[in-house]
Every structure is written in C-alpha cells, then in structure tokens.
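A short worksheet on the structure shown next.
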Amino acid sequence: MNPYSWHTAYAETADATYSTQRERQLKKKKIWEEQYNHYKVYYYGSRQDKEFKNSQMRNVLKVQMEQVKDPHKTFVATVGESQQAAEVDKSWESHNQEEKKHHRKTLITYRDDNKKLIELKAHVRREAKEAENRLERNILAQNPINWNQSLT
C-alpha cells in the first residue's frame, strides 16, 4: 500500500490548529480554576480571615447545589421559550398564508380583468370590422362600381 495515497485534508495549517487547540485548553483550565479555586484550604491568617474564607466556601457550595437543581428550571424555561418560538412561528406562518391568499386573489382578479379587457377589445374590433363591412355593402348595393376599390 502506498503511504502517500491516504490524505487527510485540513482546513487550517498546523500552526493555526495548534494555537486554537491551545487557546481552548487554556480557557477550559481557567474555567476549572475559577470553579474549584474556592475549595482551597486557607492555612494562614487570623481566625476571622479563616471564617470569612469558610463562609465564602459555603456560599459557593450553595450556588453549586442550586446549579444542580437548576437544570430542571432551565429545562422548564427552555420549554417555555420553545413554545413561545413555536407560537411565533405559527403566527408568522398563518400571516404568510394570508398574504399568499391575498396575493393570489389579487393576481386572479388581475388575470380576469385582463381577460375581460382582451375580450372587450376583440368585441370592439369585431364590431368595427362588421360596421365597415356593412358600410361597404351598402355602398356597393347603391353603386355597383367599386369606387372604394375594396374588391381589387
């Protein structure tokens, strides 16, 4: 098997890929440190400082316990948001359908009016031609000589 026959295509160069991966790792590390930095034991300082650090740790634990309960709340909130989005989508869809119906009606009336206009023009043309033919027949009936030169 030819080792050069297998190619992997990259959208970026190796340096750019490395730098983006490195930035991603640094961000993950920073987030982890922010979350777990509060659990470090406070060895030095006065009793008040230690108590303050312990109270901060208790507050962080309370926040994290609320975050554990939060997925249900966020799920309920996202369900509500998705229902609102579905309602908005339905309203837009019905609005678009109404616009399409109105547009279709407008086009139908435009088409029908054009048909009537075309028929009216044809009728007027037909009437004018018939009137001209009648006039020529009358002229020929009165004077058999073709003065109008319509029979040439």
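FYI, side chains are in, hydrogens and waters are out, and symmetry mates aren't considered; it's all heavy atoms of this structure.
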Mind checking whether [X] and [Y] have side chains closer than 4.5 Å, heavy atoms only?
X: Lys115; Y: Arg111; value: yes
X: Arg137; Y: Arg134; value: yes
X: Arg24; Y: Gln21; value: yes

Can you tell me how far apart [atom1] ([X]) and [atom2] ([Y]) are? Round to the nearest 0.5 Å.
X: Asn54; Y: Lys50; atom1: CG; atom2: NZ; result: 9.0 Å
X: Glu23; Y: Tyr18; atom1: CD; atom2: OH; result: 11.0 Å
X: Leu120; Y: Asp113; atom1: CG; atom2: CG; result: 12.0 Å
X: Ser82; Y: Asp89; atom1: OG; atom2: CG; result: 12.0 Å
X: Gln83; Y: Thr78; atom1: CD; atom2: OG1; result: 10.0 Å
X: Asp112; Y: Leu117; atom1: CG; atom2: CG; result: 12.5 Å

Heavy-atom count check: over 12 atoms from other residues, nucleotides or ligands less than 6.0 Å from Gln48 CD?
no

Please check if the number of heavy atoms outside Arg47 that lie under 6.0 Å from its CZ is greater than 12.
no

Run the numbers on Arg58 and Glu51 for salt bridge (Lys or Arg N to Asp or Glu O under 4.0 Å), then give the verdict.
CA-CA 10 Å; Arg58 284 191 296 271; Glu51 187 57 38; 3.1 Å; yes

Pair Glu119 + Arg126: basic N to acidic O under 4.0 Å
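Salt bridge: no.
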
Mind checking side chain to side chain donor-acceptor pair (under 3.5 Å) for Glu132 and listing every partner two or more places apart, or none if nothing turns up?
none

Glu99: what forms a side chain to side chain donor-acceptor pair (under 3.5 Å) with it, not counting sequence neighbours?
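Glu99 satisfies side chain to side chain donor-acceptor pair (under 3.5 Å) with His95 only.
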
Apply side chain to side chain contact (heavy atoms under 4.5 Å, CB included) to Phe52 and Gln56, showing your working.
CA-CA 6 Å; Phe52 178 72; Gln56 281 185 337; 3.2 Å; yes

